[in-house]
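Report on the following structure.
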Amino acid sequence: MVSSDSVNSRVETLAGSGISTIPKEYIRPKDELVNIGDIFEQEKNNEGPQVPTIDLKEIESDNEKVRAKCREELKKAAVDWGVMHLVNHGISDELMDKVRKAGKAFFDLPIEQKEKYANDQASGKIQGYGSKLANNASGQLEWEDYFFHCVYPEDKRDLSIWPQTPADYIEATAEYAKQLRELATKVLKVLSLGLGLDEGRLEKEVGGLEELLLQMKINYYPKCPQPELALGVEAHTDVSALTFILHNMVPGLQLFYEGKWVTAECVPNSIVMHIGDTLEILSNGKYKSILHRGMVNKEKVRISWAVFCEPPKEKIILKPLPETVSEDEPAMFPPRTFAEHIQHKLFRKSQEALLPK
């Protein structure tokens with residue numbers, strides 16, 4: 001039985017209720033409001049820095065010069081930006097379209113049907129359909145609903161909570177996760193070599209084939225009557241090693257680069273890739289985990305498929321690798337497990353929210 005409270009707590013319900021003003025819990029603090037603008041205008045503005053596009057076609061070329069050039073561009077983007085559009089990444093347009101269609105079809109279901117998959121964060125059941133809880137000290141909410149589940153390795157996923165409708169959701173999502181895992185290996189190999197390490201080193205340090213978890217979060221951002229006051233996802237860095245993002249070609253991703261918010265353009269057939277905190281720590285800050293946020297708009301629903309590649313919570317101690325530390329470049333991060341890193345970030349955020357503005 002689905003309670004009316006849970007249905008009413010969904011942003012989709014709120015957005016479809018005919019409101020012209022958003023509840024105060026969704027209004028961002030004054031210091032954030034000064035730089036929230038029209039995302040469509042911002043995407044058209046080509047002045048200033050642009051998120052790099054990296055062509056992976058030659059990442060494993062037999063021609064050493066061609067291969068080295070491709071790998072150097074990937075490394076440079078990881079050092080300078082920590083985010084990039086990947087093209088010619090080896091995952092077919094057809095498969096990406098299937099994933100997008102399946103995810104959209106789930107969110108097109110009546111809310112009562114989606115509620116059968118509802119998560120329950122209070123009891124620790126984090127996988128499933130949900131909305132942001134006011135779990136920070138300021139009680140702030142984000143303008144999004146989502147579906148979250150572990151998609152790889154196969155033995156770690158729970159297919160009983162995956163959507164049964166549409167019929168091809170499981171097949172398309174499982175195949176996409178498998179191919180993304182192969183892409184992650186290629187990228188980690190290049191980033192390892194970029195630090196002067198053996199090509200398999202970073203992969204091993206984040207858990208290898210058995211332990212690196214791929215967690216998918218489908219973010220659903222309904223139309224917002226006052227997009228200048230709200231955010232789909234507030235500013236944050238990803239805790240993951242790598243994050244791969246597909247979207248429905250509606251702009252909304254912004255990156256904080258050189259002191260300004262930069263709007264990522266929508267690059268056809270690309271996958272956006274973020275370096276996460278885990279690789280920033282292991283590389284002793286050489287690779288950047290960039291601050292980013294998700295914007296909303298009045299005219300179009302935005303959907304994004306974020307896959308977070310995460311190390312095991314307790315098995316690995318995250319700290320700068322010895323090869324990245326020297327007298328001139330001392331360790332920038334204290335040793336902690338992945339679970340401790342997440343707790344540290346949540347605690348720090350809740351403390352900051354309590355400070356007088």
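The analysis underlying the following values was restricted to heavy atoms, covering all of them including side chains, and did not include hydrogens, waters or symmetry mates.
Nearest approach of Thr243 to Ala306, heavy atoms of both residues: CG2-CB, 4.4 Å. Closest non-hydrogen pair, Lys223 versus Pro225, comes out as O-CD, 4.1 Å. A pairwise comparison of heavy atoms in Asp277 and Lys345 identifies OD2-NZ, 2.6 Å as the closest pair. The two residues Ile161 and Gly128 have their closest heavy-atom pair at CD1-N, 4.3 Å. Scanning both residues, Ser289 and Glu280, for their nearest heavy atoms gives N-OE2, 3.2 Å. The heavy-atom pair separating Arg201 from Pro322 by the smallest distance is NH2-CD, 4.2 Å.
Of the N and O atoms on the side chains of His89 and Asn269, not one donor lies less than 3.5 Å from an acceptor on the other residue. Under the 3.5 Å distance criterion, with hydrogens and angles disregarded, a donor-acceptor pair is assigned to the side chains of Ser160 and Asp158. For the residue pair Tyr146 and Asn119, a side-chain donor N or O sits within less than 3.5 Å of a side-chain acceptor on the partner. A donor-acceptor contact under 3.5 angstrom links the side chains of Lys217 and Asn219, judged on distance only. One side chain, Arg293 or Asn35, offers a donor N or O that lies under 3.5 Å from an acceptor on the other. Between the side chains of Gln254 and Gln42, at least one donor N or O sits under 3.5 Å from an acceptor N or O.
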Using the salt bridge (charged side-chain N to carboxylate O under 4.0 Å, His left out) rule, take Lys101 and Asp97 through it: C-alpha gap first, then chi angles, then the decisive distance, then the call. CA-CA 6 Å; Lys101 279 179 184 155; Asp97 282 343; 5.5 Å; no
Go through Trp162 and His149 one step at a time and tell me if the ring-ring contact (aromatic ring centres under 6.0 Å, His included) criterion holds. CA-CA 7 Å; Trp162 288 38; His149 57 327; 4.7 Å; yes
Which is it for Glu142 and Leu231 under the side-chain contact (heavy atoms from CB on, under 4.5 Å) test, yes or no, and what are the steps along the way? CA-CA 6 Å; Glu142 296 166 327; Leu231 286 175; 5.8 Å; no
Steps toward salt bridge (charged side-chain N to carboxylate O under 4.0 Å, His left out) verdict (Glu340, Arg336): CA-CA 6 Å; Glu340 286 167 344; Arg336 38 170 94 104; 5.9 Å; no
Checking ring-ring contact (aromatic ring centres under 6.0 Å, His included) for the pair Phe106/Tyr117: CA distance, chi angles, key distance, verdict? CA-CA 11 Å; Phe106 171 76; Tyr117 299 93; 5.7 Å; yes
Salt bridge (charged side-chain N to carboxylate O under 4.0 Å, His left out) between Lys44 and Glu265, worked out: CA-CA 8 Å; Lys44 281 183 215 150; Glu265 61 181 326; over 6 Å; no
Walk me through whether Lys69 and Glu73 qualify under salt bridge (charged side-chain N to carboxylate O under 4.0 Å, His left out). CA-CA 6 Å; Lys69 183 173 181 287; Glu73 285 171 1; 3.0 Å; yes
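Under a hydrophobic clustering in which Ile, Leu, Val, Met, Phe, Trp and Tyr are joined whenever their side-chain heavy atoms come within less than 4.5 Å, directly or via other members, Ile27 and Ile36 fall into the same cluster. Taken together through direct or relayed side-chain contacts under 4.5 Å among Ile, Leu, Val, Met, Phe, Trp and Tyr, Ile342 and Phe333 form part of one hydrophobic cluster. Leu33 and Ile22 fall within a single hydrophobic cluster, where Ile, Leu, Val, Met, Phe, Trp and Tyr side chains are chained together by heavy-atom contacts under 4.5 Å. If you chain together hydrophobic residues whose side chains sit under 4.5 Å apart, Ile316 and Leu197 fall into the same group. Taking hydrophobic clusters as Ile, Leu, Val, Met, Phe, Trp and Tyr residues chained together by side-chain heavy-atom distances below 4.5 Å, Ile39 shares a cluster with Trp143.
Judged by distance alone, with hydrogens and angles left aside, the side-chain atoms of Ser192 form a donor-acceptor pair with the main-chain N or O of Leu202 at under 3.5 Å. Under the 3.5 Å distance criterion, the side-chain polar atoms of Glu310 are left unmatched by any main-chain donor or acceptor of Val239. Of the possible donor and acceptor atoms, none in the side chain of Lys313 sits under 3.5 Å from a partner among the backbone N and O of Thr337. Panel note: side chain Thr173, backbone Ile170; no donor-acceptor pair is recorded below 3.5 Å. Between the side chain of Asp168 and the main chain of Glu171, no donor-acceptor pair closer than 3.5 Å is present. Between the His292 side chain and the His236 main chain, a donor and an acceptor come within less than 3.5 Å of each other. Looking at Asn284, its side chain does come within 3.5 Å of a backbone N or O of Pro330 through a donor-acceptor pair. In this structure, the side chain of Gln127 engages the main chain of Cys150 through a donor-acceptor pair within 3.5 Å. Under a 3.5 Å cut-off, the side chain of Asn248 and the backbone N or O of Val301 do form a donor-acceptor pair.
Applying the 6.0 Å contact sphere to NZ of Lys288 captures more than 12 heavy atoms from other residues, nucleotides or ligands. In the displayed structure, Lys125 atom NZ is contacted under 6.0 Å by more than 12 heavy atoms of other residues, nucleotides or ligands. The neighbour count for Asp198 CG, taken as heavy atoms of other residues, nucleotides or ligands under 6.0 Å away, does not exceed 12. Heavy-atom contacts from other residues, nucleotides or ligands closer than 6.0 Å to CG of Asp62 number 12 or fewer. Few gaps surround CD on Glu25; more than 12 heavy atoms of other groups in view lie less than 6.0 Å from it. Counting non-hydrogen atoms of other residues, nucleotides and ligands closer than 6.0 Å to NZ of Lys156 gives a total above 12.
Salt-bridge annotation for Glu58 and Arg71: absent, with no side-chain N of the basic residue lying under 4.0 Å from a carboxylate O of the acidic one. Between Lys286 and Glu329 there is a salt bridge, since a side-chain N of the basic residue sits under 4.0 Å from a carboxylate O of the acidic one.
Residues Tyr129 and Lys116 are not in side-chain contact: their nearest non-hydrogen atoms beyond the backbone lie 4.5 Å or more apart. Contact check for Phe244 versus His274: no side-chain heavy atoms found under the 4.5 Å cut-off. With contacts defined as side-chain heavy-atom distances shorter than 4.5 Å, the pair Leu195/Glu323 does not qualify. Phe40 has its side chain within reach of Pro251: a pair of non-hydrogen atoms, C-beta onward, lies under 4.5 Å apart. Contact check for Leu183 versus Leu56: side-chain heavy atoms found under the 4.5 Å cut-off. The shortest side-chain heavy-atom distance between Thr21 and Gln226 falls under the 4.5 Å cut-off. Side-chain contact between Cys224 and Tyr26 is absent, with no heavy-atom pair separated by less than 4.5 Å. Side-chain contact between Tyr169 and Gln164 is absent, with no heavy-atom pair separated by less than 4.5 Å.
The other members of the hydrophobic cluster of Trp261, by chain and number, are Phe256, Leu291 (side-chain heavy atoms under 4.5 Å, ILVMFWY only). Counting Ile, Leu, Val, Met, Phe, Trp and Tyr side chains that sit under 4.5 Å apart, directly or through other members, Val262 shares a hydrophobic cluster with Val51, Trp81, Val83, Ile245, Leu253, Leu255, Tyr257, Val272, Ile290.
Relative to the six-membered ring of Tyr220, Arg302 misses at least one condition, a distance below 6.0 Å or an angle of at most 45° to the axis.
Of the residues Lys189, Lys186, Arg181, the one that meets the salt bridge (Lys or Arg N to Asp or Glu O under 4.0 Å) test with Glu203 is Arg181.
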